[in-house]
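All residue numbers in this chain count up from 1 along the given sequence.
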Amino acid sequence: MCGIIGIVSQSEVNQSLYDGLTVLQHRGQDAAGIVTCDGNSQLFLRKDNGLVKDVFHTRHMLRLKGNMGIGHVRYPTAGCSTSAEAQPFYVNSPFGISLAHNGNLTNTKVLKDELFQSDRRHLNTNSDSEVLLNVLAHELQKTSKLTPGPEDIFEAVSQVHKRCRGAYAVVALIAGVGILAFRDPYAIRPVVIGKRTTELGDEYMVASESVAIDSLGFKLERDVEPGECIFIDKAGNFHSQQCAENPVKIPCIFEYVYFARPDSMIDGISVHKSRMRMGTKLAEKIKREFADHDIDVVIPIPDTSRTAALQLAYDLGVVYREGFIKNRYIGRTFIMPGQSERKKSVRQKLNPIGLEFEGKNVLLVDDSIVRGTTSQQIVQMARDAGARKVYFASAAPPVRYPNVYGIDMPSPHEFVAHERNVEQIGAELGVDWLVYQDLEDLIAAVNKRSDIERFDTSCFSGDYITGDIDASYLYYIDALRNDSSKSESENSSAFMELHNDD
């Protein structure tokens, strides 16, 4: 999962891009990058591995000149996390194009072959974002104009939709021309549009989440529609067109479960309200299945589960307490690249408040359970803190299938739910009982928009909405994502970076 941002302003955008990326930092902690364009059509780029605050210093910010620019925060979806794959990417032909991308192409190998054999384009990394950039560049190159207009850009994006498969939310900058943004025909990954009017004229912003729009003083206009492309020229004029043949809105439901900030609106749905309804649905299930429960206190596993846990406690009529203190200087363990790193980080990240556990029957609530490694350790922390019984509730159903649309869920063999029923998973986690959200209830909790036909629930159901995922592709993803492969990739990357520094 990644975060993207783009701004066309009447003044310098470097600080706004930096601030927006900081707000989107939860979407990726591996790398960050910004590219800006000045009045002379010159591009200025800064990107590197690390958090936003560590990648950009004063000397870098001073060099990022211009009134329009794009930015990106990244975490890797296939093992390797080298600085060479930090975004935005850039190609000089045609026009000078820079691109940042959130999602995952599912036909990358086919596109790489086409780019080399037919389009005569060279790729320098293994990133599908560079593939997407070169496909866009090749299609834009077909225009005979010195400067592309909106109609040229929309035609190029139409061809991108025909060639690319999978999930992609894209923002791109064309030097001296403007910024464009588009979503795949299923709108799997989010992009929203913001606008503000100043004395000098209109300014526009696109971002992965509305919280970035809000924080910079823009007004949320709407979401980019599935298959739609929007284009804001350097003067601040807004253009849009539907560029896909059969668009249908099927957003990823895991955005609402885990990734998005609770104060965001995605496709017209409040993430906060969705999580409240998840809590209500869980409470209803507990009342059905454990009518005589003896829960003394509901404790969330911070931070994402707080909203659901608070509503669950209210609906059950049970006390809600904060039982874990979080070290906010440790990254999200879900995003950590290797199993050993995740194990090490949990105890550094959370510390229990003993008084909230001692002698009590505790219901721990989390947004989801993937590997179960973190959950096991947290359950043990609760017991060590004196809990008499430990129950566990997940606001999402069991994760049994890999996500191929931009979320780095591991090999299925590493899922705690792999080939286990709920009782077996509970035994593996070390809890007295375990309850999962039903998929139907999760969908009902999120779906409050009549124009959303359904959601991508592939990690729960195994139903891949793009229709191009088969056993061989899942095997390929498995080989990239299992922890042993990541370890080898990380060691190789470390060696290469050390060698390059010599």
Side-chain angles (χ1 to χ4, degrees), residues 253-254 256-258 262 269-302 304-323 356-357 360-370 372 375-376 378-379 382-383 387-401 415-449 452 454-455 457-463:
I253 205 164
F254 215 77
Y256 302 91
V257 171
Y258 174 77
I269 298 171
S270 165
V271 176
H272 172 70
K273 286 287 189 180
S274 295
R275 292 177 183 169
M276 286 181 67
R277 292 189 289 266
M278 290 176 206
T280 293
K281 294 291 186 183
L282 262 182
E284 291 171 354
K285 185 171 183 180
I286 290 172
K287 288 177 182 177
R288 290 195 307 269
E289 297 191 357
F290 303 98
D292 57 348
H293 71 79
D294 56 355
I295 302 167
D296 295 317
V297 61
V298 172
I299 293 178
I301 297 171
T304 324
S305 64
R306 279 198 174 101
T307 308
L310 184 58
Q311 187 64 39
L312 183 154
Y314 176 82
D315 290 337
L316 286 181
V318 174
V319 172
Y320 170 92
R321 288 286 187 267
E322 291 286 340
E356 299 296 350
F357 292 90
K360 297 177 183 177
N361 299 331
V362 178
L363 173 63
L364 301 178
V365 181
D366 208 350
D367 53 80
S368 58
I369 307 169
V370 184
S375 303
Q376 285 174 331
I378 289 172
V379 168
R383 294 200 185 280
R388 187 166 59 241
K389 293 181 181 177
V390 179
Y391 310 123
F392 205 106
S394 168
V399 176
R400 300 187 185 277
Y401 305 91
F415 294 143
V416 70
H418 180 66
E419 296 183 348
R420 292 189 179 102
N421 60 32
V422 175
E423 290 73 23
Q424 291 168 331
I425 298 168
E428 183 71 15
L429 299 182
V431 297
D432 292 280
W433 54 252
L434 169 67
V435 61
Y436 277 103
Q437 187 88 265
D438 291 331
L439 182 56
E440 295 77 13
D441 285 343
L442 175 62
I443 293 169
V446 176
N447 194 7
K448 291 297 175 181
R449 284 284 300 271
I452 296 180
R454 61 191 177 110
F455 291 87
T457 60
S458 52
C459 56
F460 308 123
S461 65
D463 178 18

Side-chain touch [X]/[Y], heavy atoms, less than 4.5 angstrom:
X: L312; Y: L363; answer: yes
X: L429; Y: I369; answer: yes
X: Q437; Y: S394; answer: no
X: I378; Y: L364; answer: yes
X: I299; Y: F357; answer: yes
X: V435; Y: F392; answer: no
X: D367; Y: R275; answer: no
X: R454; Y: D463; answer: yes

*Indicate the ring-plane relationship of W433 and Y391, choosing parallel, tilted or perpendicular according to the 30° and 60° boundaries.*
parallel
*Just wondering, more than 12 heavy atoms not from F290 lying within 6.0 Å of its CZ?*
yes
*May I ask you to check whether over 12 heavy atoms, not counting those of K273, lie within 6.0 Å of atom NZ?*
no
Nearest 0.5 Å please: distance from the [atom1] atom of [X] over to the [atom2] atom of [Y].
X: H272; Y: R277; atom1: NE2; atom2: CZ; answer: 10.0 Å
X: E428; Y: S375; atom1: CD; atom2: OG; answer: 11.0 Å
X: S461; Y: I253; atom1: OG; atom2: CD1; answer: 9.5 Å
X: F460; Y: I443; atom1: CZ; atom2: CD1; answer: 9.5 Å
X: Y320; Y: R306; atom1: OH; atom2: CZ; answer: 6.0 Å
X: N447; Y: Y256; atom1: CG; atom2: OH; answer: 9.0 Å

Taking all atoms of both residues into account, what is the closest heavy-atom pair of [X] and [Y], and its distance?
X: A417; Y: V399; value: CB-O, 3.6 Å
X: C459; Y: F254; value: SG-CD1, 3.9 Å
X: R321; Y: V319; value: NH1-CG1, 3.2 Å
X: L442; Y: P397; value: CD2-CD, 3.5 Å
X: A445; Y: M278; value: CB-N, 3.7 Å
X: T304; Y: V257; value: CG2-O, 3.6 Å

Are the side chain of [X] and the backbone N or O of [Y] linked by a donor-acceptor pair below 3.5 Å?
X: K287; Y: D315; result: yes
X: S305; Y: V365; result: yes
X: D438; Y: E440; result: no
X: R420; Y: I425; result: no

*Between D294 and R388, does at least one N-O distance fall below 4.0 Å, as a salt bridge requires?*
no
*Does R383 come within less than 4.0 Å of D432, counting only side-chain N to carboxylate O?*
yes
_Residue pair Y436, D441: steps toward the side-chain hydrogen bond (donor to acceptor under 3.5 Å, both in side chains) verdict_ = CA-CA 10 Å; Y436 277 103; D441 285 343; over 6 Å; no
